[in-house]
Amino acid sequence: VARRLSLKKHPECHSMAGGKAIEHLAQTGNQELLTFRLPMQHYRNCDFSFSGLQNLVNNAIVQKEKEEGIQEGEILSCVKDVAAAVQHAVAVHIIQRTYRAMLFCIKNSILPSNNATLVVSGGVASNQYIRKGLQNLADANDFALLCPPPRLCTDNGVMIAWNGIERLRAGLGVLRSADGIRYEPR
């Protein structure tokens, strides 16, 4: 979405990654000016998919470009509202699907009846709007929410390495022997 909105050309966002630019612009946008149908509402499972949402957003951007008489690649006057509406739709989709997964795990005794923890990591955990929504979900269902600091959420490679370090420290079968292996988290 950030690429389609040409956010690298936006004066406030030229040096930001796409997700960060969407989050930044969404802070002052009006999410109610555009409404996007949530993906996969007719599926009663825990799967995520954003392809349908991406198509809806692209169609809305094309329509707004026509209305404003601008070409693809130019900045829409309503770019902040588009960012806010997209961020909201993504957050609601993630929260709904995560809630389904939590209920499934509780119903099937996959999680302990108390002290259950929801762990959120990777790029999605760096978005404060999504993180706040997941915190509200966790609080409402007596789950703890565990998120790495946002500075560690920008690269999935860091998340994989962190998971490996934690598993190694806990003796959970990463290696037969840690002798001679030196690691330095940064």
Colleague: Any side-chain to backbone donor/acceptor pair from D81 onto G29? Under 3.5 Å, distance only.
Modeller: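 Not a single qualifying donor-acceptor pair exists.
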Colleague: Quick one: closest heavy-atom pair of S77 and E68, and the distance?
Modeller: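 Smallest interatomic distance, heavy atoms only, reads OG-OE2, 2.6 Å.
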Colleague: Side-chain heavy atoms nearer than 4.5 Å, only ILVMFWY residues, links allowed to pass through others: does that put I61 and I75 together?
Modeller: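 Looking at the clustering, I75 is in the same group as I61.
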Colleague: Would you say L118 and V120 make side-chain contact, with heavy atoms under 4.5 Å?
Modeller: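 A side-chain contact under 4.5 Å exists here.
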Colleague: Please report the interatomic distance NZ(K20) to CG(L7), rounded to the nearest 0.5 Å.
Modeller: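 Answer rounded to 0.5 Å: 13.5 Å.
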Colleague: Out of curiosity, does I95 fall in the hydrophobic cluster containing V124 (side-chain heavy atoms, cut-off under 4.5 Å, transitive links)?
Modeller: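 Linked within one cluster.
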Colleague: Does the side chain of F104 come within less than 4.5 Å of L111's, by heavy atoms?
Modeller: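 No; the side chains remain at least 4.5 Å from each other.
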Colleague: Say whether, by atom type as modelled, one donor and one acceptor occur between the side chain of H24 and the main chain of C13 under 3.5 angstrom.
Modeller: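 Such a contact is absent between H24 side chain and C13 backbone.
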Colleague: Is it the case that N58 and R4 place a side-chain donor and acceptor less than 3.5 Å from each other?
Modeller: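 R4 and N58 do have a side-chain donor-acceptor pair below 3.5 Å.
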Colleague: Verify the neighbour count for atom NZ of K132: are there more than 12 heavy atoms of other residues, nucleotides or ligands below 6.0 Å?
Modeller: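 Atom NZ in K132 is not packed in, count stays at 12 or less.
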Colleague: Salt bridge or not for E12 and K80, using N-O below 4.0 Å?
Modeller: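 So E12 pairs with K80 through a salt bridge.
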Colleague: Which heavy atom of P150 sits nearest a heavy atom of S126, and at what distance?
Modeller: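 Heavy-atom minimum between the residues: O-CB, 4.2 Å.
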Colleague: Could you grab the distance from atom CZ of R131 to atom CD of E23, nearest 0.5 Å is fine?
Modeller: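 Atom-to-atom, R131:CZ and E23:CD are 9.5 Å apart.
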Colleague: Got a sec: does the OH of Y99 have more than 12 other heavy atoms crowding it under 6.0 Å?
Modeller: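 For Y99, atom OH is not crowded (no more than 12 foreign heavy atoms under 6.0 Å).
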Colleague: Are L145 and T117 side-chain neighbours, meaning at least one heavy-atom pair lies under 4.5 Å?
Modeller: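 L145 does not reach T117 side chain to side chain.
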Colleague: Is there a side-chain contact between H88 and E32 in this structure, where contact means two heavy atoms from C-beta onward sitting under 4.5 Å apart?
Modeller: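 Answer no - side chains too far apart.
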Colleague: Look at the side-chain heavy atoms of Ile, Leu, Val, Met, Phe, Trp and Tyr, link any pair under 4.5 Å apart, and say whether I165 and L146 land in one connected group.
Modeller: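 I165 does not cluster with L146.
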Colleague: Say whether, by atom type as modelled, one donor and one acceptor occur between the side chain of K64 and the main chain of V79 under 3.5 angstrom.
Modeller: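 The answer is no, because no donor-acceptor pair under 3.5 Å joins these two groups.
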Colleague: Indicate if L76 and M16 have the same hydrophobic cluster label, given that clusters are the connected sets of ILVMFWY residues with side-chain heavy-atom separations under 4.5 angstrom.
Modeller: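 Different clusters.
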Colleague: Minimum heavy-atom separation for F50 and H93, please, with both atom names.
Modeller: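 So the minimum-distance heavy-atom pair works out to CE2-CD2, 3.4 Å.
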Colleague: Ignoring hydrogens, what is the shortest heavy-atom contact between F48 and M40? Give both atom names and the distance.
Modeller: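 So the minimum-distance heavy-atom pair works out to C-SD, 3.8 Å.
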Colleague: Quick check: is V82 connected to V62 through a chain of hydrophobic side chains (ILVMFWY, heavy atoms under 4.5 Å apart)?
Modeller: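 Result: no, two separate clusters.
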Colleague: Can you confirm whether S6 sits close enough to E74 that some side-chain heavy atom of one is under 4.5 Å from a side-chain heavy atom of the other?
Modeller: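 Contact flag for S6/E74 side chains = no.
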Colleague: Measuring only between side-chain heavy atoms, which start at C-beta, is Q87 closer than 4.5 Å to N127?
Modeller: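 Heavy-atom side-chain distance check passes, below 4.5 Å.
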Colleague: If only atom types and distance count, is the side chain of R100 paired as donor or acceptor with the main-chain N or O of C46 below 3.5 Å?
Modeller: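 No; zero donor-acceptor contacts below 3.5 Å.
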Colleague: Once rounded to the nearest 0.5 Å, what's the spacing between atom CG of N141 and atom OG1 of T98?
Modeller: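 Nearest 0.5 Å value for the CG-OG1 distance: 11.0 Å.
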Colleague: Under a 3.5 Å distance rule, please check whether H14 uses its side chain to pair with a backbone N or O of P11 as donor and acceptor.
Modeller: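 Pair found, side chain donor or acceptor close to backbone of P11.
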Colleague: For residues Q135 and D139, is any side-chain donor paired with an opposing acceptor at under 3.5 Å?
Modeller: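 Yes, because at least one side-chain N or O of Q135 sits under 3.5 Å from a partner of the opposite role on D139.
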Colleague: About how many Å separate CD of Q54 and OG of S49, when rounded to the nearest 0.5 Å?
Modeller: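 CD of Q54 is found 9.5 Å from OG of S49.
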Colleague: For the atom pair CZ (F143) and CE (M102), what is the distance rounded to the nearest 0.5 Å?
Modeller: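 Between F143 CZ and M102 CE, I get 4.0 Å after rounding to 0.5 Å.
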Colleague: With a 4.5 Å limit on heavy-atom distance, are the side chains of L38 and Q41 in contact?
Modeller: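 Result yes, sub-4.5 Å side-chain heavy-atom pair found.
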Colleague: CG/L137 to CD1/I94 distance, rounded to the nearest 0.5 angstrom?
Modeller: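 Reported to 0.5 Å precision, the distance equals 11.5 Å.
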Colleague: Does R97 use its side chain to pair, donor to acceptor, with the backbone of N45 at less than 3.5 Å?
Modeller: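 Yes, R97 side chain to N45 backbone: donor-acceptor pair under 3.5 Å.
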Colleague: Is there a side-chain contact between V1 and I22, using heavy atoms and a 4.5 Å cut-off?
Modeller: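 In short, these two side chains touch, coming nearer than 4.5 Å.
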Colleague: Output all residues satisfying side chain to side chain donor-acceptor pair (under 3.5 Å) with Q128, sequence neighbours left out; order by chain, then residue number.
Modeller: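 Listed in chain order: nothing, the list is empty.
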